[in-house]
Protein chains: 2
Amino acid sequence: MASINDVAKAAGVSKSTVSRIINDSPAISDETRQKVLKVMKELNYVPNSLARGLSNQQAFTVALLINIKDVKSFSNPFFYEVMHGIETVVYSRGLCMITANLENTLKQNEILNWLIYGKRTQGVILPSSIMNNQLVRELKKIRFPFVTIGEPEGIKEPIDWVDINNFQGGMQALEHMISQGYKRIAYIGGEQVKTFNKKRLSGYKAALENNGIEYKPEYVCEGAATKDEGYKLMKQLIKLPQPPDAVICGDNVLSIGAMKAINEAKLNIPKDIGILSFDNMPIADLVEPSLTTVDIDVFEMGVQAANILFKIIDNPEARQQQSMISTCIKMRESTCRE
Amino acid sequence: MASINDVAKAAGVSKSTVSRIINDSPAISDETRQKVLKVMKELNYVPNSLARGLSNQQAFTVALLINIKDVKSFSNPFFYEVMHGIETVVYSRGLCMITANLENTLKQNEILNWLIYGKRTQGVILPSSIMNNQLVRELKKIRFPFVTIGEPEGIKEPIDWVDINNFQGGMQALEHMISQGYKRIAYIGGEQVKTFNKKRLSGYKAALENNGIEYKPEYVCEGAATKDEGYKLMKQLIKLPQPPDAVICGDNVLSIGAMKAINEAKLNIPKDIGILSFDNMPIADLVEPSLTTVDIDVFEMGVQAANILFKIIDNPEARQQQSMISTCIKMRESTCRE
DNA sequence: TTATTTTATGCAACCAGTTTCATAAAATTG
DNA sequence: CAATTTTATGAAACTGGTTGCATAAAATAA
C-alpha cells in the first residue's frame, strides 16, 4: 500500500508538500495541489493513522470503558443507546472509539495502562462504578481527560460526569400519579445500594412533601429487580389495612410482578390501582395494559458525555462540568383513569 | 511521559536493549533485564502503542462494524452479546477493539477506508447486511482479513462467516411441538425478506416432511415484528375451520400479540394452544405463562467470529470457514402440557 | 531596475518504537 | 593458551508521517 513517500515520488514533490496537502495547509499552490491529489487518488493513498498519531502526539481515538456487570444488570438496550450517543459525536469529529469491558480477561489496571499510558487514546468515558479517589488522583496527575457515566460516589475532587436526573424522575412519577387523581401512592423501589435508586426515592419523598402528603413508611418497600420480588411486595401492599391506590415501581421487571399481584387480587389497572415504572424499555408497550413509564434519554446522556470529553480534550483548563439529563413521563394505559 | 529513550538513558543501556526486553527477546542477560525492568517500573513506562504499531506494521486492533438499523430491529440484547463475545477473545489476545456504526455521520466508504487503508486495524468483523460482491473483491484484493456476522446473500466467492443455525432452530421448534403432543402446528414468521426468517421457515417445513406431516399453507403466515401483527395473524388462525393447536412465532414480540389473541378467544395456553417463540429475550420469562423459546447463543457467535478472524490474521492462506451455532429449546410453561 | 517582501517548496530533524548487522566480551574447544 | 564459537549489546536504518527553518522564485514596492 502506498505511503507518503510513494505519493511524493510519483508526483515529483517532497513528502513535506504531500503532508501539507493532507492537512489542508494554505501554503500550497493550486497547481501542485491538484497534481498531488490526482496521484493520491491513483495510488489509492490513505495516510497511515498510526504514523500520523505518532507525529501528532494524539491517537485520534477515545475509549469507552464498560463494566459488564452494570450492563447486564440493566438487561435493556440502555447500554447500547449510551454507546450509540457517544459514537455519534466521536465519529462526527473524525476520531474513532475503542470499547473495552473492564471485567474482561485483563485486569482493570492493565487496560487503563494500556489505553492511557500507551498513548492509544486521548480521553476516556467510564462508568462511575469503577471510580475511586486513587484513580481520580492518578488521572488528574497526568491530566488525562475523562468523563464518567453516572454520578460517582465518595469522590472528593470535582470531576466531570453525566447522569440521568433520577431525583427529578422520582418527583415526576409521584406528581403524575397525583395529577391522575391517585391518593395513596406506594413505592416499590430497586435496591437502595445503588445510587440511582436512592435518588429516585428521594425524589418521590420530596414530591410528597411539596404536595403536602404525609409520608407513610408502610407504603415504601425495596426489592431486587425481579418479577417475583415485585409480585411479593405488591401482595403485601394490597394486604395493608388501607391499601394504596397507586404504585411506582423502580424497574420494568418489578412492575410485571406487581401487575401479576394486582390481577390476582381481581383489581383493575388503572381503575383500582395505577401503576408506573421507571425506565422505558420495549416491554412497557407490550404488556396489558401498557405501562406508563419515566423515560430516561440515555442516548442524550452519551452525546453529552462525549461533548464534555471533547471540551476537556480541547481545553484541559476547562472547569469541571456535571450534566443531568431530564426525565419525562411516557403516559400509557396503566395510569389512565379516564 | 517516559519514552524508550528515557528508560534506556536511565538504565545506562541502548534503546535496542530496552526494546528487546519489552518483546521478551531471549538474547538479554538476566542482570540487564532486571536492571531495566526496575527502571521501567520506576518511570512508570508503558510502550507507545502507536510507535509499536508503526514499526510492527500492525495496529494491534480489530474493528467491529455494526449497522444501527440491524441492531434496532432486534431490540434485544442480541447485539451487545455478540460484541461481548468478540471482545472477550480480542482482549485475551492483547489487542483492542474499535467499534463503529456504519450509519453514523460518515459514509460507509469513508469509514472502511479509514480503518482499513489507514492501517488502523488488522481485521474487521462486519454485518452480512452490508456485504456485496464489490466489497468482497476489494477486501480480497488487498488481503484484508474479515468475517461477517450472518451468512451474506448473493456473494459469489467463498468468504468467512458465522451465523446462528436458524434452519436447525426451525426444525427443533416443530419437533418440540410434536414431542409435546401438538398436532396442528402453525407458524407466524417474521418478514421473509430477511434471510434468517427464511431459514427458520425452511427448517419448519423440512421437519414437517421428516415427520410425515402435511404442509398446510393456511397455517403459515408472515408479519412485521410487532405485537399488533402477532395479534392480528393469530386471530385469523383461530378463525380457521380447523384451527391450529400450536403456533411457532418468529419473534418474542409477535408472540406477545399472539398470546393476547389466544387469551381473548378464551383458549388456554398451553392446554388448547401451545406457543413457542424464536429468540430468548428476557421478556420470555416475564409473561404469563412463560414462553418456551428457541435460544440462540449470540455470545458464542461473537467468540467464533473473533476466533476465525484471528485464524485469518495469523494465516492469510487459511481456507475460508463458515460456522453455524446450534440453537436449543428453552422449555417454559407455554408448551408444557403435563 | 533594484530592493524588499511574499509565496511555495524542500531539507532534515523528530515522534517512539523495531530490527539487521557489526562487534566486543565471554565461553567453549582443540 | 590460541582459535573458534556463542552471547550480549549497540549503532544505525527503518516504519510514515509532521514541522521549523532555509531558500529559490515570484510578486510587489521604491
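So that the names make sense, note that chain A is the first sequence line, chain B the second, and so on, each numbered from 1.
For A:S16 against C:dC11, a side-chain N or O and a base N or O form a donor-acceptor pair under 3.5 Å. In this model, a side-chain donor or acceptor of A:S55 finds a partner on the base of D:dG17 within 3.5 Å.
For the atom pair CG (B:D160) and CG (B:L309), the distance works out to 8.5 Å, reported to the nearest 0.5 Å. The line from CG of B:L50 to CZ of A:R52 is 12.5 Å long, rounded to the nearest 0.5 Å.
D:dG17 atom P lies 11 Å from atom CG of A:N23, rounded to whole Å. Distance CD (B:E31) to P (C:dA25): 16 Å, rounded to an integer number of Å. Between A:N56 atom CG and D:dT19 atom C1' the separation is 10 Å, expressed in whole Å. Straight-line distance from the OH atom of B:Y45 to the C1' atom of C:dG17: 7 Å, rounded to whole Å. The interatomic distance linking A:L54 (CG) with D:dT19 (P) rounds to 12 Å, in whole Å. If you take CG of B:L50 and P of D:dG17, they are 14 Å apart, rounded to a whole angstrom. Residue A:R20 contributes atom CZ, which lies 9 Å from atom C1' of C:dA8 at whole-angstrom precision. One interatomic measurement links the two molecules: CD of A:Q58 to C1' of D:dG17, which rounds to 13 Å at whole-angstrom precision.
Of the candidates C:dT18, C:dA16, D:dG16, the closest approach to any side-chain atom of B:R52 belongs to C:dT18. In this structure, of C:dA8, C:dA16, C:dT19, it is C:dT19 that holds the atom nearest to the side chain of B:S19. Taking every side-chain heavy atom of A:K15 into account, D:dT18 is the closest of C:dC15, D:dT18, C:dA8. Distances from the side chain of A:S14 to the nucleotides C:dT9, C:dG10, D:dG16 place C:dG10 closest. The side chain of A:T32 approaches C:dT9 more closely than any other nucleotide in the set C:dT9, C:dA16, D:dG17.
Here the side chain of A:N23 pairs no donor or acceptor atom with the backbone of A:S25 at under 3.5 angstrom. The backbone N or O of A:L115 lies less than 3.5 Å from a partner atom in the side chain of A:T121, making a donor-acceptor pair.
Within 4.0 Å (heavy atoms only), A:I28 reaches sugar-phosphate atoms of the nucleic acid but no base atom. Among the heavy atoms of the strands, none lies under 4.0 Å from A:V18.
Counting heavy-atom neighbours within 6.0 Å of B:E157 CD, excluding the residue itself, gives a total above 12.
Taking only side-chain nitrogens and oxygens, B:S29 comes nearer than 4.0 Å to OP1 or OP2 of D:dT9.
Toward the 5' end of DNA chain D, the nearer of the two residues B:Q57 and B:P26, judged by each one's closest nucleotide, is B:P26.
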